[in-house]
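We use all heavy atoms of the structure for the numbers below, so side chains are in, but hydrogens, waters and symmetry mates are not. Numbers restart at 1 for each chain; the letters A, B, ... are given by sequence-line order, proteins then strands.
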Amino acid sequence: MVRVRFAPSPTGHLHIGGARTAIFNWLFARHNKGKFILRIEDTDRSRSTEESIREILEAMRWLGLDWDEGPYRQTERMEIYRREAERLIREGKAYYCYCTPEELEVIREEMKKRCGVPKYDGRCRNRKEPREGVRPVIRFKVDTEGETVFHDLIKGEIRYPNSQLDDFIIVRSDGTPTYNFVVVVDDALMGITHVIRGDDHLNNTPKQIQLYRALGYEPPKFAHVPMILGPDRTKLSKRHGATSVMAYREEGYLPEALFNFLVRLGWSHGDQEIFSKEELIELFTLEAVGKSPAVFNPEKLLWLNHHYMKTYPVDKLSELLAEFLEKEGIVEDASKIDRKWLEEVVVAFRERSKTVKEMAHHCAFLFKAPESYDEDGVKKFFKPEVVPYLEAIAEEIENASQFTKEAIDEIFKRVLDRFGIKLKAVAQPVRLAITGRTVSPGLHEILLLTGKEESVRRIKKAVEFIKSLG
RNA sequence: GGUCCCGUCGUCUAGCCCGGUUAGGACACCGGCCUCUCAAGUCGGCGGCGGGGGUUCAAAUCCCCCCGGGACCA
């Protein structure tokens, strides 16, 4: 039975890189009908917060990453780590070290000169007596002979010279266990079969393998996924802009789009770009994960998001739009908006909006008549000669017995015929009158959505405005 | 500094294991078509094997060296 885990530390948001690691783990579990376990690595109490845990869980739910076990918390497992550390000491595989920071400094210098690596020389290995006034750390007895060889499911065979290693600390002098120790204890005790994580941990693996063996556990299979880089090819971080999953939700991205995008960053299946979750579960394998780091490309995410918006269930998208209309301060109370009508808004705008937030702003004119008109538009389209056209259209609309797409077609046809003009001559002036802008969905849509009376009002108002220009 | 990992269009990538393709797709960009604007759609264009040596009839692909980037250990 495949068992994998995602183990974030709750010291901030769930960021893009962590989310992708979680997704790969989740897909691997689902593909292999295994278990996906969530573990919170909160041993760093000074930097871990409850708020952060809540946010990470929320981000995972938003992405649709459900877990089968957990969330476990390392702070609740301290007793286990203590017990395992003591066991190592009892078995002579670990020892108390009383060296002071000053001594360590000197030792490292010496070792660096001797073998090129600034490491601990293991001098406390055979110490029998404690030292007065020094609280000891616990160090693990590392085998520095030969090399550690393992087969990484993504990177292939990794050979690492053990001479690089030293007796690293597994429990600090304040009694708290270190990362490399707890991660091994947890993964072993939780029965993790595959450790899928960022390749920044690749160099930690040899020492962890030694720990597994010393503790008497079989090491799991490892798969190190390359990191996500910013446009400047350095590790993606805050200074590259929005990097938290929740920030993308706030910006009006769809979870399906972010999910799809993140998977394709480093994983591929031939030329295919769009994948449903079901397809991904079916197709995902670690062999198809690339070895090289990937640069985060916001434009492609935007394209994918737009694609998902165009194919999203209209009722769901309209609910999201309602949410953003409120959040963006475009309407006071979105619950008052007629849902049927709002769905029509979605259909009219989704072709031309890349995010839900953008859509909210694009359709804002429907909720509030324009207070001003686009400056260039006024110069180009609000010419005196369009006044009679607009007046005619307003009048025709006013007198229309019904206000449908067909009726609007008829109205425009009659007006165009009467003046012997093309639609081009009035389309932009009408658009500017209704929306205040030169860009919008088609005339039918904006007129229909704005409504008969409001349309007449806006066109008449535009006529007054043009006249006032003199 | 030592060690480990990585290197195909600007970006994400297919192709590499198992040598023979006009090196394929996608985003972005540019242009045509469509058209009431903007999009969408559609057609086309631009653009790449980090460098150098080998091996071979033939190298993105196999071997060696170098260079570049990243990570880990302090």
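- As judged by a 4.0 angstrom heavy-atom cut-off over every strand, A/S440 is placed among the base-contacting residues.
- Using atom P as the reference point in both B/C63 and B/G2, the two lie 25 Å apart (nearest Å).
- Backbone-only engagement by A/L202 is indicated by non-hydrogen atom pairs under 4.0 Å involving sugar-phosphate atoms exclusively.
- For A/T438 and B/U37, the shortest distance from a side-chain N or O to OP1 or OP2 is not below 4.0 Å.
- Judged by the 6.0 Å distance and 45° axis criteria, A/K277 is positioned over the aromatic ring of A/F259.
- The separation of B/U55 from B/U61, taken at their C1' atoms, amounts to 13 Å, rounded to a whole angstrom.
- Among the atoms of the strands shown, none is found under 4.0 Å from any heavy atom of A/H224.
- With respect to A/H224, the side chain to side chain donor-acceptor pair (under 3.5 Å) criterion is satisfied by exactly one of A/K291, A/K155, A/R197, A/H201: A/R197.
- B/A23 and B/U35 have their P atoms separated by 38 Å, given to the nearest Å.
- For the C1' atoms, the distance from B/C65 to B/A26 is 36 Å, rounded to whole Å.
- A/R437 comes within 4.0 angstrom of nothing in the nucleic acid, heavy atoms only.
- At a threshold of 4.0 angstrom between heavy atoms, the contacts of A/L265 are confined to the sugar-phosphate backbone, with no base atom among them.
- Taking atom P on both B/G25 and B/G7, the two are 23 Å apart, rounded to the nearest angstrom.
- Whole-Å rounding puts the A/L432 CG to B/C36 P distance at 18 Å.
- For the P atom pair drawn from B/C67 and B/G32, the interatomic distance equals 48 Å after rounding to whole Å.
- Between B/U21 and B/A58, the distance separating the two P atoms is 13 Å to the nearest Å.
- Side-chain proximity of A/N297 to the nucleotides B/U3, B/C27, B/A14 is greatest for B/C27.
- Figure legend. B/U21 is base-paired to no nucleotide; pairs are counted as Watson-Crick or G-U wobble with both atom distances under 3.5 Å.
- Contacts of A/K422 with the nucleic acid, taken as non-hydrogen atoms under 4.0 Å apart, are absent.
- A/P441 comes within 4.0 angstrom of a base, heavy atoms only.
- Rounded to the nearest Å, the gap between the P atom of B/G47 and that of B/C66 is 34 Å.
- Backbone-only contact: A/G266 has heavy atoms under 4.0 Å from sugar-phosphate atoms and none from a base.
- Nucleotide B/G47 is matched to nothing when pairs are restricted to Watson-Crick or G-U wobble geometry with both distances under 3.5 angstrom.
- For a distance-only test at 3.5 Å, the side chain of A/K300 qualifies as a donor-acceptor partner of the base of B/C12.
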Exercise for the section: Any chance you could lay out the side-chain hydrogen bond (donor to acceptor under 3.5 Å, both in side chains) test for A/R431 and A/Q428, step after step, and finish with the verdict? Expected result: CA-CA 5 Å; A/R431 170 167 288 112; A/Q428 283 298 72; 2.7 Å; yes
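- Using a 4.0 Å heavy-atom distance criterion, A/L165 is classed as making no nucleic acid contact.
- Relative to the side chain of A/D271, the nucleotides B/A71, B/G25, B/A28 differ in distance, and B/G25 lies closest.
- In this structure, A/K424 reaches the B/U37 phosphate: one of its side-chain N or O atoms is under 4.0 Å from OP1 or OP2.
- Heavy atoms of A/E299 sit under 4.0 angstrom from primed sugar atoms or phosphate atoms, though from no base atom.
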